[in-house]
Asker: 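Have a look at this one.
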2 protein chains.
Amino acid sequence: METLNAADLLAALGHESRLSIFRLLVEAGPDGIVASAIGETLGLPAPTLSFHLAHLSRVGLIRGQKESRFIRYSAEYATMDELIAFLTSNCCQGEACLPRAATCDTTERRRRLATETSTSDKEPS
Amino acid sequence: METLNAADLLAALGHESRLSIFRLLVEAGPDGIVASAIGETLGLPAPTLSFHLAHLSRVGLIRGQKESRFIRYSAEYATMDELIAFLTSNCCQGEACLPRAATCDTTERRRRLATETSTSDKEPS
DNA sequence: TCCATTGTTCAAGTATTATAGAAATATGGA
DNA sequence: TCCATATTTCTATAATACTTGAACAATGGA
């Protein structure tokens, strides 16, 4: 992941409403939540919600799937995982903050576990 | 860490220049870098650099220490650590994306390792 | 003291982002 | 077909953030 793309992801999460939306979807699990339910939970007017959902979708942090009249949004765990990997890898390259082996290993292991668990969904791009 | 503060941190990192600055400082290690060196490396005019350094300082991601005529900036690893902890804890509360024990344990262990390594600097607030 | 260096603050212009009412689209049910 | 519901797109407005030249403050050396 290049710096520019990472900045886009971070900027997308760097807004209270969008972070709340994403948090909600992550906690909701892979099944996700229908848009109207998100708006109701967070008290956002429909156009505002739509604006933020579009932003999060555009950068690949969430995904919406049409389901009759509804649109069910769910978190893209793989993208988040990449972002965290980027941030933590960034954090031990200089062997400064933490003993390098510790941080990188756990990050790697976490990612490995993720792909093992849900093999179909999480492609390491 | 509350959501609002996390959003502030993410927004601070959600800008190409600031992310590059932070990345540079993290990789530079605890000794940090003098401001002019950052500007030279990234090709930023002094006022622009100052603006972004102030932003990153305000949210607590970096810290500047005066050193005769220079100001030496360094990354605040503890803040970054908290942010990552927030993001990953967020990621398994719903027991959705990963087997809960795996993620939470490694995150916790990483934090524990961090405090063990540099005991003076990293207070778990 | 005077000057060069380092960095910040000021000020003003530009650009981007957020908000939300109103209108439009799509779908399913009566 | 007609209507209610779910969601988006359009539009305008408001707010915030970014950039950078110019001026300013602080420091150390000649």
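So you know, we letter chains A, B, ... as the sequences are listed, proteins then strands, and number each from 1.
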Asker: Who passes side chain to side chain donor-acceptor pair (under 3.5 Å) against A:R72, sequence neighbours left out?
Answerer: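 Listed in chain order: A:E67.
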Asker: Might you point out which heavy atoms bring A:L19 and B:A6 nearest each other, and give the distance in Å?
Answerer: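 Result for this residue pair: CD2-CB, 3.9 Å.
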Asker: Between C:dT17 atom P and B:L10 atom CG, what is the distance in whole Å?
Answerer: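 Nearest whole value for this atom pair: 16 Å.
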Asker: Can you name the one residue among A:L13, A:L83, A:L9, A:T79 that meets side chain to side chain contact (heavy atoms under 4.5 Å, CB included) with A:V59?
Answerer: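 Per the side chain to side chain contact (heavy atoms under 4.5 Å, CB included) rule, the option paired with A:V59 is A:L9, out of A:L13, A:L83, A:L9, A:T79.
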Asker: Quickly work out the B:I71 CD1 to D:dA25 P distance and round it to whole Å.
Answerer: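 B:I71 atom CD1 is separated from D:dA25 atom P by 16 Å.
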Asker: Which ILVMFWY residues are connected to A:F70, directly or by a chain of links, through side-chain heavy atoms under 4.5 Å apart?
Answerer: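 Same cluster as A:F70: A:V34.
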Asker: Can you tell me the distance, in whole Å, between the CD atom of A:Q65 and the P atom of D:dA6?
Answerer: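 Interatomic distance, CD of A:Q65 to P of D:dA6: 19 Å.
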Asker: Going 5' to 3' through nucleotides 25-30 of chain C, assign each nucleotide B (protein heavy atom under 4.0 Å from a base atom), S (under 4.0 Å only from sugar-phosphate atoms) or - (no protein heavy atom that close).
Answerer: -SBS--
Asker: Any idea which of D:dT7, C:dT6, D:dT8 is nearest the A:L53 side chain?
Answerer: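 Of all the options, the side chain of A:L53 is nearest to D:dT8.
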Asker: What integer distance in Å separates A:L56:CG from C:dT17:C1'?
Answerer: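 Those two atoms, CG and C1', are 14 Å apart.
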Asker: Between C:dA18 atom P and A:E16 atom CD, what is the distance in whole Å?
Answerer: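 Going from A:E16 (CD) to C:dA18 (P), I get 13 Å.
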Asker: Using side-chain heavy atoms (C-beta onward) and a distance below 4.5 Å, is B:Y73 in contact with B:I33?
Answerer: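 A side-chain contact under 4.5 Å is absent here.
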Asker: Under the rule for side chain to side chain donor-acceptor pair (under 3.5 Å), what residues qualify as partners of A:H15, not counting sequence neighbours?
Answerer: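 So A:H15 forms no side chain to side chain donor-acceptor pair (under 3.5 Å) with any residue.
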Asker: What is the distance, to the nearest angstrom, from the CZ atom on B:R72 to the P atom on C:dT6?
Answerer: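 Distance check: B:R72 CZ to C:dT6 P gives 13 Å.
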Asker: Starting at the 5' end of nucleotides 9-20 of chain D, put B wherever the base has a protein heavy atom under 4.0 Å, S where only the sugar-phosphate does, and a dash everywhere else.
Answerer: B--------SBB
Asker: Please state whether the phosphate of D:dT5, meaning OP1 or OP2, lies under 4.0 angstrom from any side-chain nitrogen or oxygen of A:S36.
Answerer: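 No, outside the criterion.
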Asker: Tell me the interatomic distance from A:I21, atom CD1, to C:dA18, atom C1', rounded to whole angstroms.
Answerer: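 These atoms are roughly 12 Å apart.
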Asker: Ignoring backbone atoms, test whether B:Y73 places a side-chain nitrogen or oxygen under 4.0 Å from the OP1 or OP2 oxygen of C:dT8.
Answerer: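 For B:Y73, the contact criterion (side-chain N or O under 4.0 Å from OP1 or OP2 of C:dT8) is met.
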Asker: Applying side-chain contact (heavy atoms from CB on, under 4.5 Å), run through A:D31 and A:S74 and close with a yes or a no.
Answerer: CA-CA 6 Å; A:D31 285 351; A:S74 54; over 6 Å; no
Asker: Does anything in residues 40-55 of chain B form a side-chain hydrogen bond (donor to acceptor under 3.5 Å, both in side chains)? List the pairs, not counting sequence neighbours.
Answerer: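 As it turns out, the side-chain hydrogen bond (donor to acceptor under 3.5 Å, both in side chains) pairs with a partner in residues 40-55 of chain B, which skip direct neighbours, are B:R18-B:H52, B:R18-B:H55.
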Asker: A:I62 vs A:S57, test: side-chain contact (heavy atoms from CB on, under 4.5 Å). Steps then yes/no.
Answerer: CA-CA 5 Å; A:I62 68 174; A:S57 298; 3.5 Å; yes
